[in-house]
Trainee: 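I have a structure here, written as structure tokens, and I will follow up with some questions on it.
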Amino acid sequence: MIEWIRRILKETEISKPEEVKRGMDNITEATELWTNVLAAIRNSVSQITYDTWLKKINPVKIENKTLILATALDKTKEFVTYNFMDKILNALGSVNSYVDNVEILTFDEEAHKAKILIKEQSKPREVEVVEEPRIDNDKFNKEFTFDNFVVGEFNEIVFAAAKGVVEDPGSKINPLFIYGGVGLGKTHIIHAIANKIIENNPNVKIQYSTTDRFISDFIDSINKSKDNELIKEFRKKYRNVDILMLDDIQFLNGKSATQETLFHIFNDLMQEHKQIIFTSDRHPKELSQIEERMRSRFLSGLTLDIGYPDLETRIAILQKKVYQKKYCIKSDILEFIAEKIDTNVRELEGALNKVAYTCTLTNREPTIEIVNQILKDEIDSKSGPLTMELITGVVSEYFSVPVEDIMSAKRSKNIAEARQMAIYIISELMSAPLTSIGEYLGGRDHTTIIHSRDKISALIKDNTVYKKYAGDIIERIRKG
Ligand code: ADP
Ligand code: MG
């Protein structure tokens, strides 16, 4: 065996005697460790198994707390890995606390690895070869930066938290859980965090993954792995990082095996104070098929939502996009688009692009009439004018309380709650005078309206359930 290492060292023309010496020390250590492991399992296997398989395995070195073993044939490697790995790992645990993993390779594989490693080491001032999977820090969208992110009331807390994470990853805000509807900037803000952290420290290892990708990676590693190697690789990929970002975690619903694996990865990372960030389209409490222990982990840091941008912010977003993309569109047109498209930022941006392209293609200066025509489909698909009837109807449906009861003098808890919510949403969304709201809702005077509005408003401020009710209802009203 030592002969074999010598051959590799010679083949790769290593010139530095200290390195050879260091290599030899490592070989001795590996040999000693392997001898002890074999002694520990010897009595638990038959003589023939021992001679045919285990004796054909040779110690090579210890690297990254892993004992590297090698054998001539693929068949031996697979057989031993598949049948004896558990025994080997157990024995290893009993004879050595420092080395905690074992990797069996064929000589060819090992020679290839060793050649690369030795070649790299023999070059002066060359960066050390990292055995861990490479983290691709280039995959973040360079457009998704803090500078390009418009901040308004709807996202200012998330923005502040994101900045906090950048300042001190893994310490104050961990995990950060951001939730909100589609197209509201969740992916943008976490890419912005990554871009900024990489700018501050280009060597940082960030593993960003959509949850879809995380799940399919995991399933692939189970399906293709004969000997758990790929599952180990999978864990390593997500565990050996400084920052883990999982986007759209709602897709984890019902995927219990993946949840289990994520749970362990989560615990390991948290223990090492590594930053974890999740995004989701809903609050952790609304994720229906998530194990309780996973949900409680999601909630163990800071859970923040991104709401919907108001008109002023929508205009600011359009101005930013126009500036970025160098479109030539006047501000009254931007205001018109912002007024008409009030769903989410993605649709807002889509509408702006459509206007810009259509006008460029047809060589027309955008006017309100032209834009109205271009965005006809987007505008028509929305509901008609906002009315108190419409809002009350949606609230009634949401709380399953008939409209007549909302209008009536009945004071039971669920009816009063629906009524107060209707009052709150009408006063939020419509600029109707309080007296006319009172008149519409069964002839109530304006002090009752103020009281209801303020009551719900206060509840929303410190209760996510009410906040969610209001958010859901407003979304339903928007969708028509
Ligand atoms: P989500 O992940 O919440 O579905 P994205 O982050 O993909 O949404 O955002 C959709 C689009 O809207 C992206 O092009 C993004 O740049 C843009 N966007 C979202 N929020 C903002 C914002 N606050 N300022 C500027 N652009 C934004
Ligand atoms: Mg997204």
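Read the numbers this way: they start at 1 and go in the same order the structure lists the ligands and their atoms.
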Trainee: For ligand 1, is there an atom lying under 4.0 Å from some heavy atom of H191?
Mentor: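 No heavy atom of H191 comes that close to ligand 1.
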
Trainee: Is it the case that Y238 and S209 place a side-chain donor and acceptor less than 3.5 Å from each other?
Mentor: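 Distance-only check passes for Y238 and S209.
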
Trainee: Would you say N353 and K325 are linked by a side-chain donor-acceptor pair, where the criterion is simply a distance under 3.5 Å?
Mentor: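 Yes, side-chain donor-acceptor contact under 3.5 Å.
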
Trainee: Could you pull out, from K186, E347, Q324, R346, the option with a heavy atom nearest to atom 7 (O) of ligand 1?
Mentor: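 Nearest option to atom 7 (O) of ligand 1, by heavy atoms: R346.
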
Trainee: Can you tell which of R314, K320, K321 gets a heavy atom nearest to atom 26 (N) of ligand 1?
Mentor: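 When every heavy atom of R314, K320, K321 is considered, K321 comes closest to atom 26 (N) of ligand 1.
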
Trainee: Report the nearest protein non-hydrogen atom to atom 16 (O) of ligand 1: residue, atom name, distance rounded to 0.1 Å.
Mentor: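 For atom 16 (O) of ligand 1, the nearest protein heavy atom comes out as H188 ND1, 2.7 Å.
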
Trainee: Pick, from V345, L184, V150, I189, the option with the minimum heavy-atom distance to atom 23 (N) of ligand 1.
Mentor: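 It is V150 whose heavy atom sits nearest to atom 23 (N) of ligand 1.
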
Trainee: Within T187, is some N, O or S atom less than 2.8 Å away from the Mg ion (ligand 2)?
Mentor: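 It does: T187 brings an N, O or S atom closer than 2.8 Å to the Mg ion (ligand 2).
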
Trainee: Starting from atom 4 (O) of ligand 1, find the nearest protein heavy-atom neighbour and note its residue, name and distance.
Mentor: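 Checking every protein heavy atom, the shortest distance to atom 4 (O) of ligand 1 gives G183 N, 2.7 Å.
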
Trainee: Flag the pair Y466 / Y469 as yes when their ring centroid distance falls below 6.0 Å, and as no otherwise.
Mentor: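 Yes.
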
Trainee: Which bit of N155 gets closer than 4.0 Å to ligand 1, counting heavy atoms only: side chain, backbone, both or neither?
Mentor: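 The side chain, only.
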
Trainee: Can you find an N or O of G185 that's nearer than 3.5 Å to an N or O of ligand 1?
Mentor: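 Indeed, backbone or side chain, G185 has an N or O that close.
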
Trainee: Distance alone, cut at 3.5 Å: any donor-acceptor contact between the side chains of T66 and N64?
Mentor: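 Their side chains do not contain a donor-acceptor pair, so the 3.5 Å distance test is not met.
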
Trainee: Could you go step by step and tell me if D268 and R235 meet the salt bridge (charged side-chain N to carboxylate O under 4.0 Å, His left out) rule?
Mentor: CA-CA 10 Å; D268 287 349; R235 295 210 179 117; over 6 Å; no

Trainee: What part of E143, side chain from CB on, backbone N/CA/C/O, both or neither, has a heavy atom under 4.0 Å from ligand 1?
Mentor: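 No part of E143 is near ligand 1 at this cut-off.
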
Trainee: Side chain, backbone, both or neither: which applies to E349 and ligand 1 if a contact is any heavy-atom pair less than 4.0 Å apart?
Mentor: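 Under 4.0 Å from ligand 1, E349 contributes side-chain atoms alone.
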
Trainee: Taking side chain to side chain contact (heavy atoms under 4.5 Å, CB included) as the criterion, tell me which of L246, L176, D247, L244 meets it with F278.
Mentor: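 The side chain to side chain contact (heavy atoms under 4.5 Å, CB included) with F278 is passed solely by L246 among L246, L176, D247, L244.
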
Trainee: Are D454 and S457 close enough that a side-chain donor and a side-chain acceptor fall under 3.5 Å?
Mentor: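 No donor-acceptor contact under 3.5 Å links the two side chains.
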
